[in-house]
Every structure is written in C-alpha cells, then in structure tokens.
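These values consider heavy atoms only, across backbone and side chains, with no hydrogens, waters or symmetry-generated copies. Numbers for residues simply follow the sequence, beginning at 1.
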Amino acid sequence: MSISQAMMSPTAGMSAPPGHSSWAQLRSQARTLETQTEGYFHKYSQFSTVPKIPPKPTEDELQTEATIQDVLERREALMSQLSRILDSESTSSALKQNHLTRHREILLDHRRELVRLKSQISDARTRSNLLSNVRSDIDAYRHSNPEDAEAEYMLDERRRIDNSHSVADGVLSQAYAINEQFGVQRETLASVNRRIVTAASQVPGINSLIGRIGAKKRRDGIVLGGFIAFCFLMLLWFM
C-alpha cells in the first residue's frame, strides 16, 4: 500500500467521535494503524541504507516521515477515545484496561523507533556528505597540483611494490624453512638406518637370514618373470 493510499484509506482516516464508535471498532482501528506504522518504519529505514544518500532529504523521505507522524497522532487520538469510553462505563473492565495499556506501550515504542530511525538517517547522511567532501577536496587538490599528484601516485606504486616484495620474501622464507626440515628428516632417517644396520651386524646369523630372504625374493622374481614371459609367448602363438 502506498503512502497516499494509506492516508486516504478508511482505517487511516480520522476516527469517529466517541459516541458513534464502539470499543471494538476503535480497537480495530488502533491495531490497523499499528500494522501500518510497522510498514512505514520498514520503508523509512531504507533511506539510511541507499548506496548514495542525497545531501538533503528527498520528497519521498519527507512524505514518509510526515505520514508516520500523522499516523502516530491519529493513534494518540484513538487512545484518548478509548480512555473516555472506559471512564464512562459504570464498571471498570480489567481486560479493557490491559488492552488500552498495551496500545499505549506500543505507541510509545513506535515514537521511540521514529526518533531512532531519524537519528540513524541523519548520521548516515552526515557520513556520506563528509566522505563526499573529502573526495572532492582531494580531487581538487590533485587537479591544482599535478606534480604532487604524480608524486603521490609514485609513492602508492612504491608501496604496492614493497608489499609484493614482502609477500615474496615471506614465501621464500617458508620454502627455506621447509627445505631445512626435509634435510633434518633425511639425516634422522639415515641415522636410524645406520643404527639398524649396526644392530643387525651385531646379532649372530642375522646377516645370513637377511641374505636368504633376499635370495628367496630374487628367486620368486625370476619364477614370476618366467611365467609372465611364457604367458606372453603363448598369447603371441595363438594370435
């Protein structure tokens, strides 16, 4: 629902006098206006998140804020009407009193939310204008001082080159550290191998056992190679 439609809708219009509206009708109008207020808040909050906030409030922003204010005033009038109806009854109803108190609490929360959103939009507009002014000043200074602008550009390029060199140095340092770790691991494995060979040579009969295992492996390899060659020859023969 657009703002203009909401302002012209029956639920958003002026409430009827207390004598012509019942408690249920006024409460229904109050709940409808509360729902509309939430929708207006959603739209109003988006003015602080646009990519480029204009220096001054736009027509749509001002209209949305004015509509929220108008809805809040209508809700305040409804609270007064509900309060008069409740005071005019002979017996006080605790349930109606609780409903009225809840509507007033929601109205107070929405007034605070409007203040918060207005402050948020104002802060976002101030930051945007400040950044825009800083960029404009920098661009104007560069245009009026081309030599300084060129020097600044060269300094930026130098910083980027230095950063690239730092990254390359870090990668090389890591590579050297890894290479050194590999060297330490090779020395460790060689030392373990030497210890195993020394221990094996000191045990009686271990060398002959290792020799027999090696000879058996070689014999098994020869037999397996011969069998593969025989199969290959038979395959060629049948083909």
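- Counting heavy atoms from C-beta on, the side chains of Glu180 and Tyr176 never come closer than 4.5 Å.
- Thr32 places a side-chain N or O within 3.5 Å of a backbone atom of Ser28 that can act as its donor or acceptor partner.
- Closest non-hydrogen pair, Tyr44 versus Ile121, comes out as O-CD1, 3.4 Å.
- Here the side chain of Thr37 pairs a donor or acceptor atom with the backbone of Leu33 at under 3.5 angstrom.
- The CE atom of Met79 sits 12.0 Å away from the CG atom of Leu108 when rounded to the nearest 0.5 Å.
- The shortest distance between side-chain heavy atoms of Ser191 and Glu187 does not fall below 4.5 Å.
- Across Ser83 and Leu100, no two heavy atoms sit closer than the pair CA-CD2, 3.9 Å.
- Crowding of Arg160 atom CZ: a count of heavy atoms from other residues, nucleotides or ligands under 6.0 Å exceeding 12.
- The existence of a salt bridge linking Glu113 and Arg116 is confirmed by a sub-4.0 Å separation between a basic side-chain nitrogen and an acidic carboxylate oxygen.
- For the atom pair CD (Gln81) and CG (Leu86), the distance works out to 13.5 Å, reported to the nearest 0.5 Å.
- Proximity of Glu76 to Arg111: side-chain heavy atoms (C-beta onward) are separated by under 4.5 Å at one or more points.
- Nearest approach of Trp23 to Leu82, heavy atoms of both residues: CZ3-O, 3.3 Å.
- Atom-to-atom distance recorded for Arg186:CZ and Thr188:OG1 is 10.5 Å, nearest 0.5 angstrom.
- Note that the CZ atom of Arg218 and the CD1 atom of Ile222 stand 8.0 Å from one another [nearest 0.5 Å].
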*Which is it for Phe47 and Leu117 under the side chain to side chain contact (heavy atoms under 4.5 Å, CB included) test, yes or no, and what are the steps along the way?*
CA-CA 9 Å; Phe47 291 109; Leu117 290 176; over 6 Å; no
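- Remark: the backbone N or O of Val115 is not paired with any side-chain donor or acceptor of Ser119 at under 3.5 angstrom.
- A heavy-atom distance below 4.5 Å is found between the side chains of Ile178 and Phe182.
- Distance check: Thr64 OG1 to Lys43 NZ gives 4.0 Å after rounding to the nearest 0.5 Å.
- With hydrogens and angles left out, the side-chain atoms of Arg27 and His103 include a donor and acceptor closer than 3.5 Å.
- From Lys96, atom NZ reaches atom CD of Glu89 across 3.5 Å, with rounding to the nearest 0.5 Å.
- Using a 4.5 Å heavy-atom threshold, the side chains of Arg125 and Lys56 count as separate.
- The shortest non-hydrogen separation linking Ile53 to Ser48 is CD1-O, 3.9 Å.
- Checked by atom type, the side-chain pair Glu38/His42 shows no donor-acceptor distance below 3.5 Å.
- Residue Thr67 is tested with Gln63, Gln69, Glu65 for a side-chain contact (heavy atoms from CB on, under 4.5 Å); the sole match is Gln63.
- Ile106 and Leu114 are not part of a single hydrophobic cluster, where members link through side-chain heavy atoms under 4.5 Å apart.
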_Step-by-step salt bridge (charged side-chain N to carboxylate O under 4.0 Å, His left out) determination, Arg74 to Asp70_ = CA-CA 6 Å; Arg74 290 184 181 135; Asp70 183 66; 2.6 Å; yes
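- Legend: residues meeting side-chain hydrogen bond (donor to acceptor under 3.5 Å, both in side chains) with Asn98, ordered by chain and number and at least two apart, are absent.
- Within a 6.0 Å sphere centred on CD of Glu59, other residues, nucleotides and ligands contribute 12 heavy atoms or fewer.
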